[in-house]
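What follows is a single structure, written as structure tokens, with notes after it.
Just follow the structure's listing: the first ligand is 1, and inside any ligand the first atom is 1.
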Amino acid sequence: MLIIHKISELQSQLQAERQKGHTIGLVPTMGALHEGHASLVRRSVSENDVTVVSIFLNPTQFNDKADLERYPRTLEADCQLLEKCGAQIVFAPSVEEIYPEPDTRSFSYPPTDSVMEGAMRPGHFNGVCQIVSKLFSYTDPDRGYFGEKDYQQIAVIKRMVTDLGFKLQIISCPVIREESGLARSSRNTLLTADERVLAANIYRVMKESLALNASVQQTHDYVVDTINAIDGLEVQYFSIVDGDTLADVSSWDEADSIVGCITVFCGSKPIRLIDHIRYK
Ligand code: PAF
């Protein structure tokens with residue numbers, strides 16, 4: 001497995017692969033890899049000749065500096081996991097390599113990027129589009145792999161791909177959960193053992209809501225009230241939205257695909273966890 005830090009080296013390596021007629025899969029990550037990332041990498045390895053995994057903790061998508069500072073950094077362990085998954089190239093550039101100048105581009109794809117995480121974390125999706133568009137330009141992949149754990153992120157990236165005319169296929173991969181139902185996330189390492197048990201209630205309650213046979217508003221209120229009643233959990237938002245546009249829905253027949261997206265503060269630090277559930 002090659003570990004590359006420079007854009008020019010990545011490009012010449014990939015040019016050689018393309019000349020051999022090889023297909024390229026890209027798995028963008030910010031490191032602190034877990035089984036969720038491993039599932040994306042394995043899928044890319046099975047569908048492409050060459051899999052590139054980028055590891056870059058992108059500062060422009062963090063609107064909260066403290067969040068960026070405490071984000072886990074585990075490059076050595078990440079590379080060991082990637083080697084086991086069969087990735088051929090790890091691209092781990094420095095911040096200066098990616099942003100020699102401040103990136104002044106702005107992206108706007110409402111409502112996908114303006115609701116939920118977009119409203120709570122101003123500038124977040126702009127930063128995501130900045131880095132992901134750069135990675136797509138450097139690697140020119142046939143396929144890009146993203147976890148459905150960040151449901152909204154995939155919707156925004158799909159809009160950007162259409163807008164900028166990138167040729168790749170976006171492959172969205174299912175959430176990988178712990179046995180308790182807790183969605184795997186790099187942030188889970190910041191939870192204590194007790195908080196992990198607490199956090200498992202988020203998916204449990206959302207799953208319960210599938211069986212309610214109630215209106216959208218009643219389903220919403222059930223999820224929010226039940227989670228808020230658990231000591232140590234506090235819902236920041238729970239939005240029941242069109243699964244493609246992410247616009248709010250008020251009845252179940254308003255869209256072909258409907259998803260509930262949630263963000264919950266867990267524990268005393270607190271750690272912000274996101275998850276979602278598909279209603280149809
Ligand atoms: O999902 C993530 O880890 C990041 O938002 C991504 C797509 C790697 C861009 O930095």
Can you find an N/O atom of Thr29 closer than 3.5 Å to an N/O atom of ligand 1?
-> no
Are there more than 12 heavy atoms of other residues, nucleotides or ligands under 6.0 Å from atom NZ of Lys65?
->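 Enclosed.
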Considering only heavy atoms of [X], which atoms of ligand 1 have at least one such atom less than 4.0 Å away?
X	result
Ile131	9 (C), 10 (O)
Gln153	1 (O), 2 (C), 4 (C), 5 (O), 7 (C)
Pro28	8 (C)
Asp150	1 (O)

Which residue and heavy atom of the protein sit nearest atom 3 (O) of ligand 1, plus the separation |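 Result for atom 3 (O) of ligand 1: Met30 CG, 3.7 Å.
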Atom 9 (C) of ligand 1: which protein heavy atom is closest, and how many Å away?
-> Gln61 OE1, 3.3 Å
Is it true that the NZ or CZ of Arg177 lies under 6.0 Å from the centre of Tyr203's six-membered ring and within 45 degrees of the ring axis?
->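 Positive - Arg177 is close enough to the ring of Tyr203 and near enough to its axis.
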Can you check whether Phe62 and Tyr71 have ring centres sitting under 6.0 Å from each other?
->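 Distance test on ring centres: under 6.0 Å, yes.
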Qualifying residue for side-chain hydrogen bond (donor to acceptor under 3.5 Å, both in side chains) with Thr263, from Gln236, Glu117, His276, Arg121 =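 By the side-chain hydrogen bond (donor to acceptor under 3.5 Å, both in side chains) criterion, Thr263 pairs with just one of Gln236, Glu117, His276, Arg121: Glu117.
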Look at the side-chain heavy atoms of Ile, Leu, Val, Met, Phe, Trp and Tyr, link any pair under 4.5 Å apart, and say whether Val128 and Val95 land in one connected group.
-> yes
Does some side-chain heavy atom of Met1 sit less than 4.5 Å from a side-chain heavy atom of Gln88?
-> no
